[in-house]
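Read through the structure below, which is laid out as structure tokens, and then see the notes.
The model shown is predicted, which means the values in this text are computed figures rather than measured ones.
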Amino acid sequence: MFDEFPEPARSQLAAARDEGRTRPEWAFTQGQARVAFWAPFRDAEPVVVWQFEPGPDPVAASALLRRSLETMGLSKIIHDISLQPGLTPVVDRAVEHEALVGAGFAMEVERLLLEWQAGSDVPEDPGRLSYRPARRLPTADVLDVLVRISQGSLDYDTQVELATAGAEHEARWMYDDLVNRKGKPDWFVIGYLGDSPVGLVAPDDHSIAYIGVVPEHRGHGYVNDLLARGTRTLAEAGVERVVAATDVANTPTAAAFLRAGYSEVGRLFRYYWRAP
């Protein structure tokens with residue numbers, strides 16, 4: 001099925017298949033419309049519509065999406081449209097937007113796309129925290145920190161998962177996602193004040209995949225410490241461009257990235273489909 005996708009999508013799908021993140025049976029075509037589904041790590045369920053090319057006809061593309069979702073038997077799926085600042089999917093990706101809405105997707109959250117570039121000042125770590133690699137800690141300890149971070153989180157996805165699946169399920173899924181990222185094993189760290197966990201930061205090979213502070217330590221600027229640690233980790237590894245995203249409504253986290261020298265480079269519009 002991958003052969004029916006043009007380059008570079010064909011090669012990207014083949015690479016993702018070799019990594020266990022997609023399969024030929026997760027790819028569908030109909031006329032000029034094409035769609036494939038993607039899982040974040042090997043043996044995970046697909047969570048994202050990936051390589052969606054609607055073609056010129058939103059009705060045909062909607063039909064393809066509906067057929068593929070029915071065939072896959074999924075209960076929830078996400079699709080992201082990323083655009084430069086000032087653009088909107090309704091106007092600037094109209095066919096894709098209409099196809100998604102016609103298949104039952106709804107745009108539920110808008111996110112800031114942020115970027116730090118090599119040559120910019122590297123944020124200073126104030127030195128208030130000590131850090132321990134999460135992969136060397138007992139899994140239960142890391143899960144506990146993730147559960148605590150989710151409490152009162154301003155992140156929309158976290159709020160949805162807490163309401164529908166519960167904190168423990170969300171923490172387990174997040175843990176599996178973060179430990180399967182491409183960053184080096186010691187990059188994903190928990191920050192401590194003495195023996196008290198304050199929060200964590202998980203740099204990927206080119207991004208800040210996740211960052212959060214536990215409730216009892218919020219309000220003291222520790223997100224700045226964690227973000228400085230994560231950004232410096234990637235900068236010292238020679239990464240030229242560090243990317244991140246956070247919900248537009250999550251103003252404290254967005255402000256932390258801007259203080260750390262990141263700039264807004266676009267907006268991401270996140271669409272959700274849920275089984276009836």
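Side-chain N or O atoms of Arg66 include one that pairs as donor or acceptor with a backbone N or O of Gly102 at under 3.5 Å. A donor-acceptor pair under 3.5 Å links the side-chain atoms of Arg135 to the main chain of Val179, judged by distance alone. Judged purely by atom type and a 3.5 angstrom limit, Arg267 has no side-chain atom pairing as donor or acceptor with the backbone of Gly86. At distances below 3.5 Å, not a single donor-acceptor pair connects side-chain atoms of Asp204 with backbone N or O atoms of His206. Within the 3.5 Å criterion, the main-chain N or O of Ser11 finds a donor-acceptor partner in the side chain of Glu7. Trp38 places no side-chain N or O within 3.5 Å of a backbone atom of Leu13 that could act as its donor or acceptor partner. Looking only at distances, a side-chain donor or acceptor of Arg34 sits under 3.5 Å from a matching main-chain atom of Glu4.
When all heavy atoms of Leu143 and Tyr175 are compared, the closest pair comes out as CD2-CB, 3.7 Å. Minimum heavy-atom separation, Asp121 to Trp116: O-NE1, 3.0 Å.
In this structure the side chain of Arg274 reaches within 4.5 angstrom of the side chain of Val160, judged on heavy atoms. Using a 4.5 Å heavy-atom threshold, the side chains of Thr233 and Tyr131 count as separate. The closest side-chain heavy-atom distance from Gln32 to Pro56 is below 4.5 Å. Residues Leu64 and Thr29 have side chains not in contact (no heavy-atom distance under 4.5 Å, counting atoms from C-beta outward).
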Worked check of side chain to side chain contact (heavy atoms under 4.5 Å, CB included) between Phe269 and Val90: CA-CA 11 Å; Phe269 299 85; Val90 174; over 6 Å; no

Pair Leu65-Trp273, side chain to side chain contact (heavy atoms under 4.5 Å, CB included): steps then yes or no: CA-CA 10 Å; Leu65 284 172; Trp273 175 88; over 6 Å; no

Check against side chain to side chain contact (heavy atoms under 4.5 Å, CB included), Val201 and Leu227: CA-CA 7 Å; Val201 63; Leu227 184 54; 5.5 Å; no

Audit row: Phe188, Arg181, side chain to side chain contact (heavy atoms under 4.5 Å, CB included) steps and yes/no: CA-CA 9 Å; Phe188 172 22; Arg181 295 276 179 156; over 6 Å; no

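For Arg241, the CZ atom is loosely surrounded, since the number of other residues' heavy atoms within 6.0 Å does not exceed 12. By the 6.0 Å contact criterion, NZ on Lys76 is enclosed, its count of non-hydrogen atoms from other residues, nucleotides or ligands being greater than 12. Residue-environment remark: NE2 (His169) stays at or below the threshold of 12 foreign heavy atoms within 6.0 Å.
Here Asp176 pairs with Arg172 in a salt bridge; the nearest charged N to carboxylate O distance falls below 4.0 Å. A salt bridge is defined here as a Lys NZ or Arg NE, NH1 or NH2 lying under 4.0 Å from an Asp or Glu carboxylate O, and Asp141 with Arg136 fails to meet this definition. Between Arg270 and Asp157 there is a salt bridge, since at least one side-chain N of the basic residue sits less than 4.0 Å from a carboxylate O of the acidic one. Comment: Arg67 does not engage Glu70 in a salt bridge, judged by the lack of any side-chain N to carboxylate O separation of less than 4.0 angstrom.
Every residue meeting the side-chain contact (heavy atoms from CB on, under 4.5 Å) condition with Leu87, not counting sequence neighbours, appears here in chain and number order: Leu83, Gln84, Asp92.
Remark: Leu234 CG to Ser207 OG distance equals 7.5 Å, nearest 0.5 Å. Annotation: the span from His97 atom NE2 to Met107 atom CE amounts to 8.5 Å, rounded to 0.5 Å. To the nearest 0.5 Å, atom CG of residue Leu137 and atom CG of residue Asp144 are 11.5 Å apart. If you take OG on Ser196 and NE2 on His217, they are separated by 3.0 Å, rounding to the nearest 0.5 Å. Arg128 contributes atom CZ, which lies 9.5 Å from atom CG of Leu226 (distance to the nearest 0.5 angstrom). Separating the CG atom in Leu178 from the OH atom in Tyr210 is a distance of 8.0 Å, to the nearest 0.5 Å.
Relative ring orientation between Phe37 and Phe28 is described as perpendicular, the plane-to-plane angle rising above 60° on a 0-90° scale split at 30° and 60°. Ring-plane geometry between Tyr222 and His220 is classed as tilted, the angle between the planes lying from 30 to 60 degrees on a 0 to 90 degree scale. Taking the six-membered ring where the residue is Trp, Tyr271 and His79 present tilted rings, their angle falling between 30° and 60°.
Ile211 and Ile149 are members of different hydrophobic clusters when ILVMFWY side chains are connected at heavy-atom separations under 4.5 Å. Criterion: ILVMFWY side-chain heavy atoms under 4.5 Å apart, direct or through other members. Under it, Val214 and Met174 are part of a common hydrophobic cluster. Follow the hydrophobic side-chain contacts under 4.5 Å out from Val145 and you never reach Leu193; the two are in separate clusters. Linking ILVMFWY residues whenever their side-chain heavy atoms come closer than 4.5 Å, directly or via other members, leaves Val243 and Leu112 in distinct clusters.
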Sequence neighbours excluded and cut-off under 3.5 Å, please list the side-chain donor-acceptor pairs for residues 40-55, or say none.
from: Arg42; atom 1: NH2; to: Asp18; atom 2: O; distance (Å): 3.0
from: Arg42; atom 1: NH2; to: Glu19; atom 2: O; distance (Å): 3.4
from: Gln51; atom 1: NE2; to: Gln12; atom 2: OE1; distance (Å): 2.6

